Amino acid sequence: MARMSCPRGTEDLLPESLPALEHVFHSFRSVMERHAYREIRTPLFEETSLFVRSLGDQSDVVEKEMFTVQRGDTNVSFRPEGTAPVVRAYLQNNLDKIRPFQKFWYGGPMFRFERPQAGRSRQFYQVGVEAIGSTSPLLDAEVVLICHRAFQAMGLKNYQVHGNSIGDAQDRELFRTVLRAYFTPLIMQRCDDCQRRIERNVFRMLDCKVAQCQPSNKQAPRFLDHMSPVSRARFETTKSLLQSLDVPFVFDPSIVRGFDYYTHLVFEFRCKDLGARDAVAGGGRYDGLITDLGGPALGAVGFAIGVLPTLLALATQGHPAVAPRETFTPLFVAPVTDGERTAAFLLAERLRQHGLSCDTDYEDKSLRALFKVADKRGIQLMIVLGPEEVQQRVVKVRVLQKSEDVTLPDDEHLPTALRALLAT
RNA sequence: GUGGCUGUAGCUCAGUUGGUUAGAGCAUCAGGUUGUGGUCCUGAGGGUCGCGGGUUCAAAUCCCGUCAGCCACCCCA
């Protein structure tokens, strides 16, 4: 039988690599708590219609990237992103009536049926926030700021925030018409993709990388010039606030979100130490989504950080917290002969009952072999239990770093004595 | 979904124009020291050369297919 492997685009996170993941999650959580965001957990799958309604039935994600399960008349999909589920939970639990403004954070796996490449897999991890119930431009700035603070806490360097405003739905409808009018006479000069995009997603044309499309992009109308004064003013407020807070924010008119529910601020954090796929976080304001899902007209803004791309960037930057490493256990009980194996097992268990992290041998290894293993694992104290120790009701403790042996009575004070030795 | 590159031990890689039992370093295990680690020395285990087919007296090596990984698109958190 062929050896099994995990499905394409998924990976096992082995014990050595989990400290890196924890580093990201812990940093994120502490920044969120400082800013009064509260954790929310939604199911890993939702009714498919939630994503169809929120992302749009013709978006690529809905059309071909969802993991969908049909059983009887139940049709669910593994969540491809975190925003729609949180908004759904907000509305379902009547939070819009109880306490309309809430700041949430969440973290966990998302799923998309995509072709895997570096920083992109079929099960990927995100941490993110959704601040629901306010249209304040201060909140726009806060959300970008805390993403920046989160990356600072993680120790990431070399990144910039690329931000843009796409106005409100009205602004965008207007601009769509303006852009189409501009591009239509030039369409024959554009690449094949752009010829499709003019109908499907005309905003993407501004972001086209094909050389032949560059000249007509340079002359293209700018969104900011066609936006209502109110929309433009709120973007200016957010932008200057961020600049005064030393957030590395740059205006980038090519940032365009694919989903219809986005309004006003859209942004992406990009790290230079990644390849072509250089985004480590993305987000924006989505004032349209809550009504799309049947709720009242409330504003909301959020972002999500890609955990694995962030880890990749931290790794190339040589950040020590993300290097693979052994899990730390300070104590090890080593039997000298086969006669003490059971006693060693029981002693280890007794120490654990006193709150000490402790391991012992399960492979019938020689004492010499146990010391070699202890050294590799960074054990601090080796508790040696041989025939003589058992007879005299003592243990011999080797302090590995100092190469010193200490004999301690094996009585009710042993855990305290070991704790004292660990502290030195 | 499209295109390109790669695929030899757990890892990093050698492997001469196709030629006999496919190698090294690291890692693992055991021993040198039968109650003591980090250094050193000795030895051992581990590979149907991604998989399938073809060419050939002979294939890790050449050809085709397939799968997987990587890279770039498409698209996007």
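Since the structure is predicted, the reported quantities are computational estimates derived from the model, not experimental observations. In what follows, every chain begins at residue 1, and chains take the letters A, B, ... in the order their sequences are listed.
- Nucleotides B/rA30 and B/rG45 place their P atoms 15 Å apart, quoted to the nearest Å.
- B/rA59 and B/rG54: their P atoms are spaced 12 Å apart (whole Å).
- Distance CG (A/Asp278) to C1' (B/rC76): 13 Å, rounded to an integer number of Å.
- Ring-plane geometry between A/Tyr362 and A/Phe345 is classed as perpendicular, the angle between the planes exceeding 60 degrees on a 0 to 90 degree scale with a lower cut at 30.
- Counting any heavy atom pair closer than 4.0 Å across all strands shown, A/Glu114 reaches a base atom.
- Between A/Phe67 and A/Phe78, the ring planes are perpendicular. Angles over 60° get that label, and only those under 30° would be called parallel.
- Using modelled atom types, one finds a donor on one side chain and an acceptor on the other under 3.5 Å when comparing A/Asp171 with A/Ser231.
- A residue-by-residue look at A/Glu65 and A/Ala369 shows that A/Ala369 has its nearest nucleotide of RNA chain B further toward the 5' end.
- In this structure, CZ of A/Arg377 is placed 15 Å from C1' of B/rU28, rounded to the nearest angstrom.
- With values rounded to the nearest 0.5 angstrom, A/Glu142 atom CD is found 11.0 Å from A/Arg149 atom CZ.
- In this structure, A/Leu308 atom CG and B/rC70 atom P are separated by 12 Å, rounded to whole Å.
- Spacing of C1' atoms, B/rA22 relative to B/rA9, comes out at 11 Å, to the nearest Å.
- Residue-level contact check: A/Gly284 touches neither bases nor backbone, having no heavy atom under 4.0 Å from any strand.
- Regarding A/Leu370, its CG atom lies at a distance of 11 Å from the P atom of B/rG31, rounded to whole Å.
- Atoms CD1 and CZ, on A/Ile166 and A/Phe223 in that order, are 6.5 Å from each other to the nearest 0.5 Å.
- Contact annotation: the side chain of A/Leu347 approaches that of A/Leu414 to within less than 4.5 Å [non-hydrogen atoms, C-beta and beyond].
- Distance CZ (A/Arg122) to P (B/rC76): 18 Å, rounded to an integer number of Å.
- Taking atom P on both B/rG23 and B/rC41, the two are 23 Å apart, rounded to the nearest angstrom.
- If you take atom C1' in B/rC49 and the same atom in B/rA60, they sit 5 Å apart, rounded to whole Å.
- A cation-pi contact, defined as under 6.0 Å to the ring centre and within 45° of the axis, is absent between A/Arg112 and A/Phe124.
- Rounded to whole Å, the distance from CD on A/Glu363 to C1' on B/rU28 is 11 Å.
- By the 30° and 60° cut-offs, the orientation of the rings of A/Phe269 relative to A/Tyr159 is tilted.
- Both the sub-6.0 Å distance and the 45° axial angle are not jointly satisfied by A/Lys239 relative to the ring of A/Phe249.
- Along RNA chain B, the nucleotide closest to A/Arg115 and the one closest to A/Ser366 are compared, and the more 5′ of them pairs with A/Arg115.
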Walk me through it: do A/Arg41 and A/Glu39 pass the test salt bridge (Lys or Arg N to Asp or Glu O under 4.0 Å)?
-> CA-CA 7 Å; A/Arg41 293 195 191 186; A/Glu39 185 176 8; 2.8 Å; yes

Go along nucleotides 35-40 of chain B 5' to 3' and tag each nucleotide: B for a protein heavy atom under 4.0 Å from its base, S when only backbone or sugar atoms are that close, - otherwise.
-> BBBB--

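- Within 4.0 Å (heavy atoms only), A/Arg112 reaches sugar-phosphate atoms of the nucleic acid but no base atom.
- No side-chain heavy atom of A/Val24 sits less than 4.5 Å from a side-chain heavy atom of A/Ile305.
- Spacing of C1' atoms, B/rA68 relative to B/rA27, comes out at 25 Å, to the nearest Å.
- When base pairs are accepted only as Watson-Crick or G-U wobble with both N-N or N-O distances under 3.5 Å, RNA chain B takes part in stems of 3 or more pairs at B:1-7 with B:67-73, B:10-13 with B:23-26, B:28-32 with B:40-44, B:50-54 with B:62-66.
- If you take atom P in B/rC74 and the same atom in B/rU16, they sit 40 Å apart, rounded to whole Å.
- With rounding to whole Å, A/Lys365 atom NZ is found 18 Å from B/rU34 atom P.
- A/Ala334 comes within 4.0 angstrom of nothing in the nucleic acid, heavy atoms only.
- Here A/Ala374 lies out of heavy-atom contact (under 4.0 Å) with every strand.
- Note: CZ (A/Phe51) to P (B/rC75) measures 22 Å, nearest angstrom.
- For the P atoms, the distance linking B/rA14 with B/rU8 amounts to 10 Å, nearest Å.
- Among the heavy atoms of the strands, none lies under 4.0 Å from A/Gly306.
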